[in-house]
Amino acid sequence: MFDQENAPLSDVSSEYRLPKNVTPRRYEIRLIPDLTQFTFAGEENVSIVVNAPTSDIVLNALELEIDRVSVERGKTSIAGKAELDAKKERAILHFDRALDAGEWTLHIAFRGILNDKLHGFYRSQYQDAAGKTHTVATTQFESTDARRAFPCWDEPELKASYKITLVVDQNLAAISNARVESEKPSTIKGKKEVVFAETMVMSTYLVAFIVGEFEATAPVDAGTPLRVVHVPGKENLSPFAKEIGAFSLKYFANYYGLPYPGDKVDLIAIPDFASGAMENLGAITFRETALLVDENTASRAELERVADVVSHENAHMWFGDLVTMKWWNGIWLNEAFATFMEMLAVDKWKPHWRRWDSFSVSRAAAMAVDGLKSTRSIEFTVNSPEDARAMFDVLTYEKGASVLRMLEQYMGEEEFRKGIAGYLKKHEYGNAETTDLWDALEASSHQPVRKMMDSWIFQPGFPIVRAEPSADGKGLKISQRRFFLLPDGTQNDQLWHVPLMIRAKTDRGVVNQKMVLTERETTVPLEGKVEWALLNEGGHGFYRVNYNPALLQSITQNLGALQPIERFGLVSDTWAATVAGLSPLSEFLKMARLFTGESDLNVWRALLGAFNYLDMIVSDEDRPALAAEIRRIAGPAFARLGWEPKPGDDELTRQLRGVLIANLGTVGDDREIQNKARQLYARWEDNPSLADRDIAPALVSILAYSGDAARYEEFKQKFKSARTPQEEQRYLFSLANFRDKALLHRTMQMSLDGEVRTQNAPYLMMSVLMNNVARYDAWDFIRSHWDEMTRKYPDNALPRMCEGVVSLLDKQEEVTKFFQEHRVRLGGKIIDQHLERLAIAVNFRRREGAKLAATLKGG
Ligand code: BES
Ligand code: ZN
């Protein structure tokens, strides 16, 4: 069975955990932000329970000044003094005498800063049409930054209710988790006092307050009033989010069998935002690209992104907000579920988007990390805030959601739903652990869920399942072992409970078989001579399949018998085996040529992903041959589609057209496509109503790819004057697509000089790192500006920027050494993973680089 040593517990005695001798019940918080000085003043009355007599109270506080402390009960008032421990992010309150056990009210007066780091209580700025700068104050507390806004017990299990009051300028909007209860002029001149209703009990990381010149749409009834909130002038970009917002909220209430737990929902677009969005109960915050969108000009991919994020955050209102993980080691209970539920709702909303099919791309991305030696189990030890931050990765989100989908499909959708509803009901307003989830699912289904799922949640990695015809040819011999992208020859005896969905064609017809592989090896009889067999029917399993050559050949000869998602799996699995050195690149290239007739978007994404990887490892000298191969493979598919949409084209086909054009015009270096792209771009500039929304983003990246200094100027201007967040993003990132070093240096400079928001700058740098013209220049730039970057960029983004180091094949040693010396603020295993990915690329090039050119020319 799985290795118990990997079943992680967090250390409750860790120096980062608060003592539990005093616990909070209710916070009454009054805050006065100053949007010109970038400071705030606050006061809180916290109803606490002293569980054992003490003269000290320890709670979290960071970057706060504490002016006054006292505790009260009845007529007793005891004064206290605060001692701040910045390293442990705590305040220790010392009282003149011991507090008896029982209830007390803790009073603290404090001051803090509205920082520009996009965490805690922070400031965000934007310019209006006239160029005037406006400031908003907003919050981002997950995982451990509520302590920057008010002294608190900043651990998810210490739930309390919150009664918030904001004192703000008369002309500003103030928003918090609950509805406005009252609003009256303040005794402070020019200000008003906005009092919000008391919230349900919830964790500190879900508290939010937002202040600024915001506008709100009229509410729509989503079971509760739902609005979209934005800075002035953007109402036209709100209807799409409102629609999916209302749909998904109603869908979840129904699925979970529980009403929405708050009293309103505001979806709020914040000009500077570190992640995509944040599930503060009733006051969900977003970066603008993830919420505000023009339905008439955005591409389908951009619309899907908004639908995903809105649906994801709404799912959290129950999963995360109503029921919360006990501690950060269990964050997958929040994020994997929200990701899974996000798919369910979007799939229900627009079934023709085939959201579960495109989820395969995310599943493959999770496998790309989980195939590393430096991966981790989904549930994983967390002690420090930095450990907590490192948990928000593809393993928590995408692997977590994948194993949930695998379980749901194995158990049956309705059985699964009932179990989930039971779990939420049982733990509402409380906290839960993974084991509680298995209890609920076992209770509803009477199936041994725990045994299967523990092997996926507590073990790192995933299996590759090997299949070959059995000795008599009338069945399959199947075995499992852990998949490594960089095998080192060491023995690994991990096993998983692998739900296998087999579909096979025998001389007696098509047979289906559902089973769980628990041993290392087994034989599955199929009652007939096997012609072809497919192991991961429907593509829901979180494992890869390695067919023996005979089976692989029979499958590739019967591609027509596979669903698109199964063809995706075939390409994705074969590619992974190629990178891992289990199968030669020449085989993959041979297989790719069988797909020239392919018409599915996601299968193309798998194929083109592989070719983009090859573009990263190929020498400059051989790159033209690779480009020619890309044209040979993708060219015919594009020729069938043409530039003009056809009447019967569905939305995915229209997106595919854009994807093919983008790739042919860049890595495919197709001159004809580049010329046509320039013509079309000019025509659509003159007459925007002619533009094809799914091709427009491709044109921007192609024109940048083949563009000169004048084009650079033009696109930079477009970035600054964009009408929508999506357009702004397209033009901004196009500045990393040019192929002139001097221009790319300007882009790098922009990522530091304040021209680009810090929410985007690290990602822009990552794109330059991945640009094969400037990758080594970008690396030098990062090294020489490292301190400045660590100071300026938000905490979550630095490791993301470093993802780009996978492209630095000629500098492996230097990169490794650099990160040995600069580990600060890069928690968890993230840097080890980046370095291992680099090692894989280097190995792959050593193994296949020389042969690649020969194969391409010879083919
Ligand atoms: N809770 C997260 C956001 C978060 C994570 C904030 C960690 C701070 C620290 C939120 O629910 C989320 O998952 N957002 C995603 C978007 C989602 C659609 C996957 C994001 O921000 O990328
Ligand atoms: Zn989330």
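Heads up: numbering here begins at 1 and tracks the sequence.
Residues satisfying the side-chain contact (heavy atoms from CB on, under 4.5 Å) criterion with Arg711, sequence neighbours excluded, are Arg678, Tyr681, Leu703, Asp708, Glu714, Phe715, Phe738. By the salt bridge (Lys or Arg N to Asp or Glu O under 4.0 Å) test, Arg775 pairs with no residue at all, sequence neighbours left out. Looking at residues two or more places apart in sequence or on another chain, you find no ring-ring contact (aromatic ring centres under 6.0 Å, His included) involving Phe392. Contacts of Ala390 classified as side-chain contact (heavy atoms from CB on, under 4.5 Å), with partners at least two apart in sequence or in another chain: Ile830. Evaluation of the side-chain contact (heavy atoms from CB on, under 4.5 Å) rule for Glu803 yields Met766, Arg800, His834, Arg837 as partners, not counting sequence neighbours. Partners of Trp643 by ring-ring contact (aromatic ring centres under 6.0 Å, His included), not counting sequence neighbours, listed by chain and number: Phe638.
Just one residue in the list Glu727, Glu755, Glu713 forms a salt bridge (charged side-chain N to carboxylate O under 4.0 Å, His left out) with Lys720, and that residue is Glu755.
For CZ of Arg355, the number of neighbouring non-hydrogen atoms (other residues, nucleotides, ligands) closer than 6.0 Å is greater than 12.
For Thr653 and Asp650, the side-chain atoms include at least one donor-acceptor pair closer than 3.5 Å.
Two residues are said to be in side-chain contact when any heavy atoms from C-beta on lie closer than 4.5 Å; Gln726 and Val293 meet this criterion. Leu372 is listed as a side-chain neighbour of Ile840, based on a closest heavy-atom distance under 4.5 Å. Residues Thr724 and Glu302 form no side-chain contact, since every pair of their non-hydrogen atoms from C-beta on lies 4.5 Å or further apart. Residues Glu814 and Arg783 form a side-chain contact, since some pair of their non-hydrogen atoms from C-beta on lies under 4.5 Å apart. Inter-residue side-chain proximity for Asp622 and Leu852 is flagged as unmet; no heavy-atom pair is nearer than 4.5 Å. Residues Tyr731 and Gln717 are not in side-chain contact: their nearest non-hydrogen atoms beyond the backbone lie 4.5 Å or more apart. In this structure, the side chains of Val842 and Leu838 come closer than 4.5 Å at one or more pairs of heavy atoms. Residues Trp575 and Phe611 form no side-chain contact, since every pair of their non-hydrogen atoms from C-beta on lies 4.5 Å or further apart.
With rounding to the nearest 0.5 angstrom, the CZ atom of Arg723 is 9.5 Å from the NZ atom of Lys718. In this structure, the separation between CZ on Phe818 and CH2 on Trp786 is 5.0 Å, given to the nearest 0.5 Å. Here the straight-line distance linking atom CG of Leu585 with atom CZ of Arg847 works out to 9.0 Å at 0.5 Å rounding. We find the CD-CG distance between Gln759 and Asp272 to be 5.5 Å, quoted to the nearest 0.5 Å. Between the CG atom of Asp694 and the CG atom of Leu656 there is a distance of 10.5 Å, given to the nearest 0.5 Å. To the nearest 0.5 Å, atoms CZ (Phe484) and NZ (Lys373) are separated by 6.5 Å.
Heavy atoms only, all atoms of each residue included: Asn602 and Asp600 are closest at N-OD2, 3.0 Å. The two residues Asp370 and Lys399 make their nearest non-hydrogen contact at OD2-NZ, 2.7 Å. Taking all atoms of both residues into account, the shortest heavy-atom contact from Ala366 to Leu395 is O-CD2, 4.2 Å. Closest of all the heavy-atom pairs between Ala841 and Ile617 is O-CG2, 4.1 Å. For the pair Met591 and Val571, the tightest heavy-atom approach, listed with the atom from each and the gap, is CE-CA, 3.7 Å.
Ion pairing of Asp669 with Arg623 is absent here, as no side-chain N (NZ or NE/NH1/NH2) approaches a carboxylate O to less than 4.0 Å.
A side-chain donor-acceptor contact under 3.5 Å links Tyr705 to the backbone of Thr666.
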